[in-house]
Chemist: 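Okay, here's the structure, questions in a sec.
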Amino acid sequence: LALAYEQLGQFPQAITASKQVVDWLTELDDCESLSLVYNNLAASYVHNEQLELAKELLGKGLAAAEACQIPRIVAQSYNHWGEYYHKIGDQQTAVESFQKALVSLVPDFKASDWQNVPTLEQLRFSHSQVDALVYLSDHANSLVQLALTEEDENLLQAALQSYYRADAL
């Protein structure tokens with residue numbers, strides 16, 4: 001229900017629905033579902049401009065995802081951190097967070113710097129190509145914002161590389 005509200009852009013309702021599930025999942029000791037709920041609740045807080053609450057839940061979501069050791073959920077956690085940093089205007093940390101999402105999602109991808117993106121071969125073996133597409137797009141969008149702030153054409157080239165890779169995927 002919370003995800004449906006979030007998809008409809010009804011973030012206050014998504015927050016209410018998610019809060020109701022947290023206690024229940026904690027009692028069940030379901031770290032996978034709990035990390036997903038924390039992540040989605042944090043994303044709703046980001047969209048609803050409740051950034052302190054978002055930051056707190058992003059930490060809980062990442063900790064739960066890492067405890068579960070499920071790469072797709074760890075990647076989602078880092079992507080939500082990127083959205084948080086993008087929202088507060090810290091584009092470099094947003095780019096780094098989106099890159100961590102890609103590193104978590106794509107086996108054998110080791111980023112040498114925060115402008116690198118996985119090869120198409122690596123992306124074919126990702127835990128979720130749909131998620132990889134989203135994370136590449138988010139990575140590129142933050143690189144564009146950073147390039148505009150720093151007036152750095154190399155960052156625009158890196159963003160273009162992310163867009164090309166997402167398009168090829």
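One-based numbering along the sequence shown.
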Chemist: Can Leu123 be reached from Val134 by stepping across I, L, V, M, F, W or Y side chains whose heavy atoms are under 4.5 Å apart?
Modeler: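 Yes, Val134 and Leu123 fall within the same hydrophobic cluster.
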
Chemist: For Ala65 versus Ser77, what's the shortest heavy-atom pair and its separation?
Modeler: CB-OG, 3.6 Å

Chemist: Under a 3.5 Å distance rule, please check whether Gln76 uses its side chain to pair with a backbone N or O of Leu36 as donor and acceptor.
Modeler: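 No, the answer is negative, given that no donor and acceptor are paired below the 3.5 Å cut-off.
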
Chemist: Can you give me the closest heavy-atom contact between Ser35 and Ala64, atom names plus distance?
Modeler: CB-CB, 3.6 Å

Chemist: Hey, what do you get for CG (Leu51) to CD1 (Ile88), rounding to the nearest 0.5 Å?
Modeler: 7.5 Å

Chemist: Is it the case that atom CD in Glu49 sees more than 12 heavy atoms from other parts of the structure closer than 6.0 Å?
Modeler: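 Atom CD in Glu49 is packed in, count exceeds 12.
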
Chemist: Is the closest side-chain donor-acceptor distance between Asn39 and Tyr78 under 3.5 Å?
Modeler: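 Looking only at side-chain atoms, Tyr78 and Asn39 do not form any donor-acceptor pair under 3.5 Å.
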
Chemist: Got a salt bridge between Lys100 and Glu96, using NZ or NE/NH1/NH2 to carboxylate O under 4.0 Å?
Modeler: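 No, Lys100 and Glu96 are not salt-bridged.
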
Chemist: Are the side chains of Leu146 and Asp152 in touch, meaning some heavy atoms are under 4.5 Å apart?
Modeler: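 No; the side chains remain at least 4.5 Å from each other.
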
Chemist: Is it possible for you to say whether Leu160 and Val144 belong to one hydrophobic cluster, with membership spreading through side-chain heavy-atom contacts below 4.5 Å?
Modeler: no

Chemist: Measure the spacing between CD of Gln122 and CZ of Phe109 and express it to the nearest 0.5 Å.
Modeler: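 It is 6.5 Å, given to the nearest 0.5 Å.
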
Chemist: Pick out which of Leu57, Leu62, Ile73, Leu58 makes a side chain to side chain contact (heavy atoms under 4.5 Å, CB included) with Tyr38.
Modeler: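 Single pass found, and it is Leu57.
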
Chemist: Enter the distance from Asp131:CG to Ser104:OG here, rounded to the nearest 0.5 Å.
Modeler: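 It is 11.5 Å, given to the nearest 0.5 Å.
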
Chemist: With a 4.5 Å heavy-atom cut-off, do Val103 and Lys110 have their side chains touching?
Modeler: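 No - every pair of side-chain heavy atoms lies 4.5 Å or more apart.
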
Chemist: Could you state the interatomic distance from CG (Asn141) to OG (Ser162), rounded to the nearest 0.5 Å?
Modeler: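 Asn141 CG to Ser162 OG: 9.5 Å, rounded to 0.5 Å.
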
Chemist: If I take atom CG from residue Leu169 and atom OG from residue Ser126, how far apart are they, to the nearest 0.5 angstrom?
Modeler: 6.5 Å

Chemist: If you group Ile, Leu, Val, Met, Phe, Trp and Tyr by side-chain heavy-atom gaps below 4.5 Å, do Leu102 and Tyr85 land in one group?
Modeler: no

Chemist: Please lay out, stage by stage, how Leu156 and Leu143 fare under the test side-chain contact (heavy atoms from CB on, under 4.5 Å).
Modeler: CA-CA 7 Å; Leu156 288 175; Leu143 280 169; over 6 Å; no

Chemist: Go through the steps for Leu105 and Tyr135 under the test side-chain contact (heavy atoms from CB on, under 4.5 Å), then give the verdict.
Modeler: CA-CA 9 Å; Leu105 189 68; Tyr135 304 160; 3.9 Å; yes

Chemist: Grab the two heavy atoms, one from Ser137 and one from Tyr163, that are nearest each other, plus how far apart they are.
Modeler: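 Shortest heavy-atom contact: O-CE2, 4.3 Å.
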
Chemist: Under 3.5 Å, side chain of Gln91 to main-chain N/O of His86, donor-acceptor pair present?
Modeler: yes

Chemist: Would a distance-only check, ignoring hydrogens and angles, find a side-chain to backbone donor-acceptor pair under 3.5 Å from Ser142 to His139?
Modeler: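 A pair under 3.5 Å: no.
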
Chemist: Counting only N and O atoms by type, is there a donor-acceptor contact under 3.5 Å from the side chain of Arg165 to the main-chain atoms of Pro118?
Modeler: yes

Chemist: Of the non-hydrogen atoms in Gln99 and Ala111, which two are nearest, and what is the gap between them?
Modeler: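 Nearest heavy atoms, Gln99 then Ala111: NE2-CB, 3.3 Å.
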
Chemist: Any salt bridge linking Glu121 with Arg124? Criterion: basic side-chain nitrogen under 4.0 Å from a carboxylate oxygen.
Modeler: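 Judged by the 4.0 Å cut-off on N to carboxylate O distance, Glu121 and Arg124 do form a salt bridge.
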
Chemist: Would you give the length of the straight line joining atom CD of Gln157 to atom OH of Tyr164, rounded to the nearest 0.5 angstrom?
Modeler: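 If we round to the nearest 0.5 Å, Gln157:CD and Tyr164:OH are 8.0 Å apart.
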
Chemist: Should the ring pair Trp81 and Tyr84 be called parallel, tilted or perpendicular, given that the plane angle runs from 0 to 90° and is split at 30 and 60?
Modeler: perpendicular

Chemist: Does Glu56 use its side chain to pair, donor to acceptor, with the backbone of Leu53 at less than 3.5 Å?
Modeler: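 No, the answer is negative, given that no donor and acceptor are paired below the 3.5 Å cut-off.
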
Chemist: Before giving the answer on side-chain contact (heavy atoms from CB on, under 4.5 Å), spell out for Asn40 and His80 the whole-Å C-alpha distance, their side-chain angles and the decisive distance to 0.1 Å.
Modeler: CA-CA 8 Å; Asn40 291 323; His80 286 314; 4.0 Å; yes

